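Have a look at the structure below before the remarks.
No experiment lies behind these values; they were computed from the predicted model shown.
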Amino acid sequence: MIPTNNRLVLSGIVKKTPIRKISPNGISHCQFYLEHVSEQIEAELTRQAWCIMPVIASGQQELSYVKKGSRVLVGGFISTHTKRNQTSQLVLHADQIKLLGE
């Protein structure tokens, strides 16, 4: 069997107020958008890297510290979600969220 890896770690700023919900099964969900901006080296040249990544954290007890404007480091796996308009979007399913200093 070929080993498979699906792990993404991304830092950035929470762009919108997180949406918090409890499922009918009692599982908590926290959804937000993470904006990442950095400089990266590619082909020995510096380039700007920018993305906005939707994040969902499910089953985590206390995420009240995640607020619009928070700087966070998020780790988890990525998966494609199909939106209502039938377009696909990558979503980061977080299992670790760490608040970073200002």
Measure the shortest side-chain to side-chain distance between [X] and [Y] over non-hydrogen atoms and say whether it is less than 4.5 angstrom.
X: Val14; Y: Lys67; answer: no
X: Thr46; Y: Ile41; answer: yes
X: Val91; Y: Ser79; answer: no
X: Leu90; Y: Thr80; answer: yes
X: Arg20; Y: Val66; answer: yes

Looking at [X] and [Y], what are the two nearest heavy atoms and their distance?
X: Ile97; Y: Ala57; result: CD1-CB, 3.9 Å
X: His29; Y: Ile56; result: ND1-CD1, 4.3 Å
X: Ser11; Y: Leu100; result: CB-CD1, 4.1 Å
X: Arg7; Y: Gly75; result: NH2-C, 3.7 Å

At what distance, to the nearest 0.5 angstrom, does [atom1] of [X] lie from [atom2] of [Y]?
X: Tyr65; Y: Lys98; atom1: OH; atom2: NZ; value: 11.0 Å
X: Gln89; Y: Thr82; atom1: CD; atom2: OG1; value: 10.0 Å
X: Phe32; Y: Leu63; atom1: CZ; atom2: CG; value: 7.5 Å
X: Met53; Y: Lys15; atom1: CE; atom2: NZ; value: 15.5 Å
X: Lys21; Y: Cys30; atom1: NZ; atom2: SG; value: 11.5 Å
X: Leu34; Y: Leu10; atom1: CG; atom2: CG; value: 5.0 Å

Between [X] and [Y], is there a shared hydrophobic cluster once you connect ILVMFWY residues whose side-chain heavy atoms come closer than 4.5 Å?
X: Leu73; Y: Val37; answer: no
X: Phe77; Y: Val55; answer: no
X: Leu92; Y: Leu99; answer: yes

Please lay out, stage by stage, how Arg47 and Glu39 fare under the test side chain to side chain contact (heavy atoms under 4.5 Å, CB included).
CA-CA 6 Å; Arg47 66 171 291 176; Glu39 287 188 353; over 6 Å; no

Can you label the angle between the His81 ring and the His93 ring as parallel, tilted or perpendicular, going by 30° and 60°?
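Answer is tilted, since the angle falls between 30° and 60°.
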
For residues Asn25 and Ser23, is any side-chain donor paired with an opposing acceptor at under 3.5 Å?
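No donor-acceptor contact under 3.5 Å links the two side chains.
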
